[in-house]
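Here is the structure we will look at.
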Number of protein chains: 2
Amino acid sequence: MYTIGQVSEMFSLPVSTLRYYDKEGLFPGMERQSGIRKFSERELEALRVIECLKRSGLEIKEIKQFMEWCVKGASTYSERKKLFEARRKAVEEEMLRLQKTLDMLKFKCWYYDTAMQDGSEDRLSDMIPDDLPPEIKKLYDNAHS
Amino acid sequence: MYTIGQVSEMFSLPVSTLRYYDKEGLFPGMERQSGIRKFSERELEALRVIECLKRSGLEIKEIKQFMEWCVKGASTYSERKKLFEARRKAVEEEMLRLQKTLDMLKFKCWYYDTAMQDGSEDRLSDMIPDDLPPEIKKLYDNAHS
DNA sequence: ATAGCACCTGAACTTGACTTTAGGTCAAGG
DNA sequence: CCTTGACCTAAAGTCAAGTTCAGGTGCTAT
C-alpha cells in the first residue's frame with residue numbers, strides 16, 4: 001500500500017494529477033484510511049494502463065469507461081479487447097504519420113546543411129526532386145506521399 | 001495564387017484555422033488583394049512545414065519563430081537547422097515510446113483473447129512473466145522496460 | 001503547544017488551439 | 001434591386017487536461 005506522495009514519486013506525476021485522475025473516476029473503488037488514499041497494486045496497474053491508453057491518444061473519459069468495464073468483470077472482456085484493438089490500430093497509423101514527419105525533418109536537416117555549405121538557398125531552389133541525392137530523394141518522396 | 005477557400009479544400013483544414021494561423025503570424029508577408037488573402041506557393045510550402053512541425057510536437061508560437069527566421073534569410077540557417085535536429089530527436093524518442101505503447105496494447109489484446117477463451121482471468125492472474133508464451137513475453141518485457 | 005509536514009476538499013484559474021458569433025464588404029445572378 | 005456566397009474582422013466561447021488556491025485535518029518533532 002502506498003500514499004499519494006509515494007506514487008507521485010514512483011510515476012513522476014504531480015500529486016495534483018493523481019487526485020485529478022481519482023476525481024475523474026480512474027481508480028474506481030480505491031481504498032481510503034480516514035480520508036487518505038491508499039494506492040494498492042491494483043491502482044499501480046491502473047496507472048500503467050492509464051499511461052498506455054493516454055499515449056495511444058485516448059481521452060480521460062474513455063479511460064474511465066474502460067475502468068468501469070474492469071469493475072464489471074468477465075462480461076466486458078470483449079469490449080475491452082475491442083478497445084485495445086482499436087488503440088493498436090490508431091497507434092500503428094500514428095507511427096506511420098510520424099515516420100513521414102521524421103523523413104520530412106531529416107530532409108530539412110539535409111536542406112539546411114546544404115544551404116549552410118552553399119551560403120544560400122539559390123542552388124537548392126533551382127533543383128527539381130530528380131536532382132536530389134538518392135537517399136535524400138527517398139526521404140523527400142516519403143514525406144510528400 | 002489561391003483563395004483561403006481553395007487552400008482550405010487542398011489541405012482539408014477549416015477556413016477558420018487558416019485565418020487563425022495567419023493571425024498568429026505563421027504566414028509572414030502574405031499578399032492581399034483589397035483585403036483578401038492570396039496564398040502563393042510560398043504559403044503552401046509554409047503550410048506543409050507547419051503540419052510537419054505541429055506533428056513533431058511544436059507549438060504555434062515556436063512555429064512562428066521559425067517563420068520569422070525564414071524571413072530573416074541566410075543568417076538564420078543554423079538556428080533553423082538546430083530546430084529541425086531537435087525535432088528529429090524528439091520524434092525519434094516519441095516513436096520509441098509509441099513502440100512500447102504498441103507492445104503493451106498487443107499484450108493486452110492477447111491478454112483479453114486468452115481471458116475470453118478461459119472465461120476468466122484466474123489462470124492469467126496466477127501466471128508469472130516466465131509462464132508467458134515467448135512472443136508474448138517479448139511484448140510484455142518491452143512494454144515494461 | 002506550536003510549527004512543519006503530508007494529506008484532504010471544492011472551486012477557480014490556466015493554457016493551447018481552435019471555433020463560433022456578430023456584424024460588415026463586395027461581386028455576380030435572377 | 002436584392003439575395004446569395006465568399007471573403008473580412010474583433011471578440012467571445014469551447015474543450016481537455018491539468019494546476020493553483022484557500023482553507024482544513026491530523027501526526028510528530030522541538
Side-chain angles (χ1 to χ4, degrees), chain A residues 1-40 43-44 46-67 87 90 94 97 101, chain B residues 1-40 43-44 46-68 83 87 90 94 97 101:
Chain A
M1 290 298 217
Y2 307 92
T3 67
I4 201 168
Q6 290 169 328
V7 177
S8 160
E9 281 285 290
M10 292 160 65
F11 284 80
S12 307
L13 284 174
V15 165
S16 62
T17 301
L18 295 171
R19 288 206 264 253
Y20 166 69
Y21 286 172
D22 187 23
K23 194 164 55 176
E24 294 302 304
L26 266 41
F27 304 120
M30 179 165 50
E31 259 190 71
R32 298 229 181 181
Q33 267 171 33
S34 50
I36 289 171
R37 291 174 184 83
K38 287 293 170 184
F39 289 74
S40 69
E43 278 73 40
L44 301 190
L47 258 177
R48 280 175 218 118
V49 174
I50 288 165
E51 303 224 295
C52 169
L53 290 176
K54 261 176 59 71
R55 250 174 252 147
S56 88
L58 220 61
E59 292 180 10
I60 300 292
K61 283 192 242 177
E62 311 177 87
I63 300 180
K64 176 190 178 167
Q65 166 74 281
F66 171 76
M67 294 303 172
R87 293 337 290 163
E94 175 63 9
R97 271 193 300 279
T101 301
Chain B
M1 289 299 218
Y2 307 91
T3 65
I4 200 169
Q6 290 170 326
V7 177
S8 159
E9 282 285 289
M10 291 159 66
F11 284 80
S12 307
L13 284 173
V15 165
S16 61
T17 301
L18 294 171
R19 289 207 263 252
Y20 165 69
Y21 286 171
D22 186 23
K23 195 166 53 177
E24 294 303 303
L26 266 42
F27 304 120
M30 179 164 51
E31 259 190 70
R32 298 228 181 183
Q33 267 171 35
S34 50
I36 288 170
R37 291 176 186 82
K38 287 294 172 184
F39 289 74
S40 70
E43 278 73 40
L44 301 191
L47 258 178
R48 278 174 218 120
V49 174
I50 289 165
E51 303 224 295
C52 170
L53 289 176
K54 262 176 59 70
R55 250 173 252 147
S56 87
L58 220 62
E59 293 180 9
I60 301 291
K61 283 192 243 179
E62 312 177 86
I63 301 179
K64 175 189 179 168
Q65 166 74 281
F66 171 76
M67 293 305 172
E68 284 165 1
L83 176 67
R87 295 334 293 162
E94 175 64 8
R97 271 193 298 281
T101 301

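- Of all heavy-atom pairs between B:Leu18 and B:Phe39, the closest is CB-CZ, 4.4 Å.
- Tested against B:Val7 for a side chain to side chain contact (heavy atoms under 4.5 Å, CB included), the candidates B:Val15, B:Leu47, B:Leu13 yield a single pass: B:Leu47.
- Panel note: side chain A:Glu9, backbone A:Gln6; no donor-acceptor pair is recorded below 3.5 Å.
- Rounded to an integer number of Å, the gap from CD of A:Gln33 to P of C:dC8 is 12 Å.
- Shown here is A:Tyr2, whose OH atom has no more than 12 heavy atoms of other residues, nucleotides or ligands within 6.0 Å.
- Between the OH atom of B:Tyr21 and the C1' atom of C:dT19 there is a distance of 13 Å, rounded to whole Å.
- Judged by distance alone, with hydrogens and angles left aside, the side-chain atoms of A:Glu51 form no donor-acceptor pair with the main-chain N or O of A:Arg48 at under 3.5 Å.
- Here A:Thr3 lies in heavy-atom contact (under 4.0 Å) with sugar-phosphate atoms only.
- Looking at the side chain of B:Tyr20, the nearest of the listed nucleotides D:dA17, C:dC18, C:dC7 is C:dC18.
- With rounding to the nearest 0.5 Å, the separation of CE in B:Met1 from NZ in B:Lys38 is 7.5 Å.
- Interatomic distance, B:Arg87 CZ to B:Leu53 CG, rounded to the nearest 0.5 Å: 8.0 Å.
- Under the 3.5 Å distance criterion, the side-chain polar atoms of B:Arg55 are left unmatched by any main-chain donor or acceptor of A:Thr101.
- The line from CD of B:Glu24 to OG1 of B:Thr17 is 11.5 Å long, rounded to the nearest 0.5 Å.
- Using a 4.5 Å heavy-atom cutoff, the side chains of A:Ile60 and A:Tyr21 are in contact.
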Report all interatomic pairs (protein N or O, nucleotide N or O of nucleotides 9-12 of chain C) with separations under 3.5 Å.
{"from": "C:dT9", "atom 1": "OP1", "to": "A:Arg32", "atom 2": "NH1", "distance (Å)": "2.8"}
{"from": "C:dT9", "atom 1": "OP1", "to": "A:Arg32", "atom 2": "NH2", "distance (Å)": "3.0"}
{"from": "C:dT9", "atom 1": "OP2", "to": "A:Arg37", "atom 2": "NH1", "distance (Å)": "3.3"}
{"from": "C:dT9", "atom 1": "OP2", "to": "A:Arg37", "atom 2": "NH2", "distance (Å)": "2.8"}

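- A heavy atom lying under 4.0 Å from DNA chain D marks the following residues of residues 7-16 of chain A, by number: A:Pro14, A:Ser16.
- For the pair B:Leu18 CG and D:dC7 C1', the interatomic distance rounds to 13 Å; values are reported in whole Å.
- Side-chain contact between B:Glu43 and B:Glu31 is absent, with no heavy atoms from C-beta onward closer than 4.5 Å.
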Protein-nucleic acid N or O pairs under 3.5 Å, nucleotides 21-27 of chain C:
none

Intermediate values then yes/no, side-chain contact (heavy atoms from CB on, under 4.5 Å), B:Leu26 and B:Tyr20: CA-CA 9 Å; B:Leu26 266 42; B:Tyr20 165 69; over 6 Å; no
Checking B:Leu83 against B:Gln65 for the side-chain contact (heavy atoms from CB on, under 4.5 Å) test, could you report, in this order, the C-alpha distance in whole Å, the side-chain angles of both residues, the deciding distance, and whether it holds? CA-CA 10 Å; B:Leu83 176 67; B:Gln65 166 74 281; over 6 Å; no
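- The overall bend of the helix from C:dA1-D:dT30 to C:dG30-D:dC1, read as the angle between its terminal helix axes built from five base pairs each, is 20° when rounded to 10 degrees.
- For C:dA17, the OP1/OP2 oxygens have no side-chain nitrogen or oxygen of B:Thr17 closer than 4.0 Å.
- Between A:Ile50 and A:Met67, the closest side-chain pair of non-hydrogen atoms falls below 4.5 Å.
- Across residues 46-64 of chain B, not one residue has a non-hydrogen atom less than 4.0 Å from an atom of DNA chain D.
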Hey, what are the protein-to-nucleotides 21-27 of chain D N/O distances that come in under 3.5 Å?
none

Is there a side-chain contact (heavy atoms from CB on, under 4.5 Å) between A:Phe66 and A:Leu58? Walk through the geometry before answering. CA-CA 10 Å; A:Phe66 171 76; A:Leu58 220 61; 5.7 Å; no
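- Following rounding to the nearest Å, A:Glu24 (CD) and D:dC15 (P) show an atom-to-atom distance of 15 Å.
- Looking at heavy atoms from C-beta onward, B:Lys61 lies out of side-chain contact with B:Lys64 at the 4.5 angstrom threshold.
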